[in-house]
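From a predicted model like this one, the values you see are computed outputs, not experimental measurements.
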Amino acid sequence: MATHPTVPGEPTKTGTSMLETATTAVQNFGPVNKIHQHLCAFHFYGHDMTRQVEAHHYCGHQNEEMRQCLIYDSPEPDARLIGIEYIISENLFMTLPDTEKRMWHSHEYEVKSGVLFFPGLIPGAIQRHDLAKVAQTYGKTIHFWQVDRGDNLPLGIPQIMMALTRDGQLNDALAQEVQKKYNVDFDKEREKRAYMEGPEHGIHPLANGEGKGLRTELREVDCNPGAAAHAPPRVFV
């Protein structure tokens, strides 16, 4: 579970804060200003379902079939930016190569079980109107900061994350903690969302890692393996 580690470094100085205030007044933050919703859910590492984290999604639509989200470990001002998620419609998902589909996860269970929710005083009817659409989508999530193991900086290589797909997967202690913290009841939400439907063609068998674990690994390769006689230094990619 996430630990919200302390980031090393000196406290922000007054001069830096003043600079931020000045630039905020004159610069345009178009991409960030497109963020229009805050969703909370749970992600687990593609290779280890026991490593689960609270994931706060701050999302904006690219169009009706795609939204993109910044993921933080909390909704607090000092939250860590731990990853990103792209959410696409079933229609777009079906255009992906089969090798790509394995890296995307379905949202039907997350939504219908109640564990994906809007923090704050958003009326339930408004939440459910949008979540009925989310239930039919697929997401690709990459985390850069492994806060669950206490890393105080984003160490290691990016990791493919997955989402819950059935009962019994979510860590009960984490579930209880989140429900108490945000005053939500997953079971009550499950009842209210029972009418929702998943993807029109059902969850694709290649989605969710094809039901298997996915581990992101780093390997060493030649930059130009076809030119062995003049091979450049080997690098990590």
Side-chain angles (χ1 to χ4, degrees), residues 2 4 28-46 52-96 100-101 103-145 147 154 158-165 170 174 178-179 181-184 186 189 192-193 196-199 203 207-208:
H4 201 65
N28 176 21
F29 300 94
V32 178
N33 290 337
K34 282 198 68 174
I35 291 174
H36 65 276
Q37 64 181 193
H38 172 200
L39 300 169
C40 182
F42 304 95
H43 291 156
F44 65 84
Y45 289 80
Q52 302 179 0
V53 296
E54 178 182 334
H56 291 266
H57 303 54
Y58 291 84
C59 307
H61 277 86
Q62 287 292 97
N63 55 46
E64 191 64 26
E65 295 194 66
M66 180 186 180
R67 65 186 82 183
Q68 52 190 13
C69 310
L70 300 176
I71 301 175
Y72 292 82
D73 65 339
S74 86
E76 303 305 321
D78 66 343
R80 284 71 173 136
L81 176 61
I82 61 175
I84 56 174
E85 178 166 357
Y86 302 104
I87 299 175
I88 60 175
S89 65
E90 178 185 20
N91 179 53
L92 292 181
F93 175 82
M94 295 301 289
T95 68
L96 300 176
E100 173 70 20
K101 289 184 175 75
M103 293 185 280
W104 294 71
H105 58 263
S106 58
H107 291 129
E108 179 180 1
Y109 175 82
E110 278 191 298
V111 172
K112 297 189 67 174
S113 66
V115 302
L116 191 157
F117 63 96
F118 287 72
L121 301 177
I122 307 292
I126 294 178
Q127 289 196 43
R128 290 188 285 276
H129 177 75
D130 185 64
L131 291 175
K133 298 178 182 179
V134 177
Q136 299 178 331
T137 64
Y138 291 88
K140 182 178 184 180
T141 301
I142 300 171
H143 280 199
F144 305 98
W145 198 330
V147 291
Q159 295 293 322
I160 288 286
M161 308 295 283
M162 288 293 168
L164 307 168
T165 57
L170 179 59
L174 180 58
V178 168
Q179 289 179 95
K181 189 188 307 183
Y182 302 106
N183 192 30
V184 295
F186 296 157
E189 276 302 310
K192 295 175 181 178
R193 302 178 190 180
M196 296 181 184
E197 298 180 354
I203 297 174
N208 302 304

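- Interatomic distance, Ile160 CD1 to Met162 CE, rounded to the nearest 0.5 Å: 6.5 Å.
- Lys112 places no side-chain N or O within 3.5 Å of a backbone atom of Ala135 that could act as its donor or acceptor partner.
- For Ser89 against Thr137, the heavy-atom pair with the smallest separation is CA-CG2, 4.4 Å.
- Proximity of a side-chain donor or acceptor of Gln127 to a complementary backbone N or O of Ile122 within less than 3.5 Å is detected.
- Inter-residue side-chain proximity for Glu54 and Tyr182 is flagged as met; some heavy-atom pair is nearer than 4.5 Å.
- Looking at heavy atoms from C-beta onward, Asp130 lies in side-chain contact with Phe118 at the 4.5 angstrom threshold.
- Distance alone, capped at 3.5 Å, is enough to place a donor-acceptor pair between the His57 side chain and the Ala55 backbone.
- No donor-acceptor pair closer than 3.5 Å links the side chain of Gln52 to the backbone N or O of Phe44.
- One finds the NZ atom of Lys133 at 13.0 Å from the CD1 atom of Ile87 (value rounded to the nearest 0.5 Å).
- To the nearest 0.5 Å, the span separating CD1 on Ile126 from CG on Leu131 amounts to 11.5 Å.
- For His143, the side-chain hydrogen bond (donor to acceptor under 3.5 Å, both in side chains) partners two or more places apart in sequence, or in a different chain, are His43.
- Residues Met161 and His105 come closest through the heavy atom pair O-ND1, 3.9 Å.
- For Gln136 against Ala132, the heavy-atom pair with the smallest separation is CG-O, 3.9 Å.
- With sequence neighbours excluded, no residue forms a disulfide bond (SG atoms under 2.5 Å apart) with Cys40.
- Residue Phe42 comes nearest to Val115 through the heavy atom pair CE1-O, 3.8 Å, listed as atom of the first residue, atom of the second, then distance.
- For the pair Ile88 and Trp104, the minimum side-chain heavy-atom distance is below 4.5 Å.
- Taking a 6.0 Å sphere around OH of Tyr86, one finds it holds 12 or fewer heavy atoms contributed by other residues, nucleotides or ligands.
- Taken to the nearest 0.5 Å, the NE2 atom of His56 stands 8.5 Å off from the CD atom of Glu76.
- Here the side chains of Leu39 and Phe117 are not in contact, with every heavy-atom distance at 4.5 Å or above.
- Of the possible polar contacts, one joining the Asp73 side chain to the Arg80 backbone as a donor-acceptor pair under 3.5 Å is found.
- In this structure, the side chains of Ile84 and Phe144 come closer than 4.5 Å at one or more pairs of heavy atoms.
- No side-chain donor-acceptor contact under 3.5 Å links Ser106 to the backbone of Glu108.
- Taking CD of Glu90 as the start and CE of Met94 as the end, the distance is 6.5 Å to the nearest 0.5 Å.
- Residues Glu85 and Arg67 are not paired through a salt bridge, judged by the lack of any N-O separation under 4.0 Å between the basic side chain and the carboxylate.
- Panel note: side chain Lys140, backbone Met103; no donor-acceptor pair is recorded below 3.5 Å.
- Across every non-hydrogen atom of His107 and Gly139, the tightest pair is CE1-N, 3.4 Å.
- With His61 as the fixed residue, the side-chain hydrogen bond (donor to acceptor under 3.5 Å, both in side chains) test singles out one of Gln68, Gln37, His36: His36.
- Taking the six-membered ring wherever Trp is involved, the centroid distance between the rings of His38 and Tyr72 does not fall below 6.0 Å.
- A 6.0 Å sphere centred on CG of Asn33 holds more than 12 heavy atoms belonging to other residues, nucleotides or ligands.
- The two residues Leu164 and Tyr109 make their nearest non-hydrogen contact at O-CD2, 3.5 Å.
- Taking the side chain as every heavy atom from C-beta outward, Phe186 and Val178 approach each other to under 4.5 Å.
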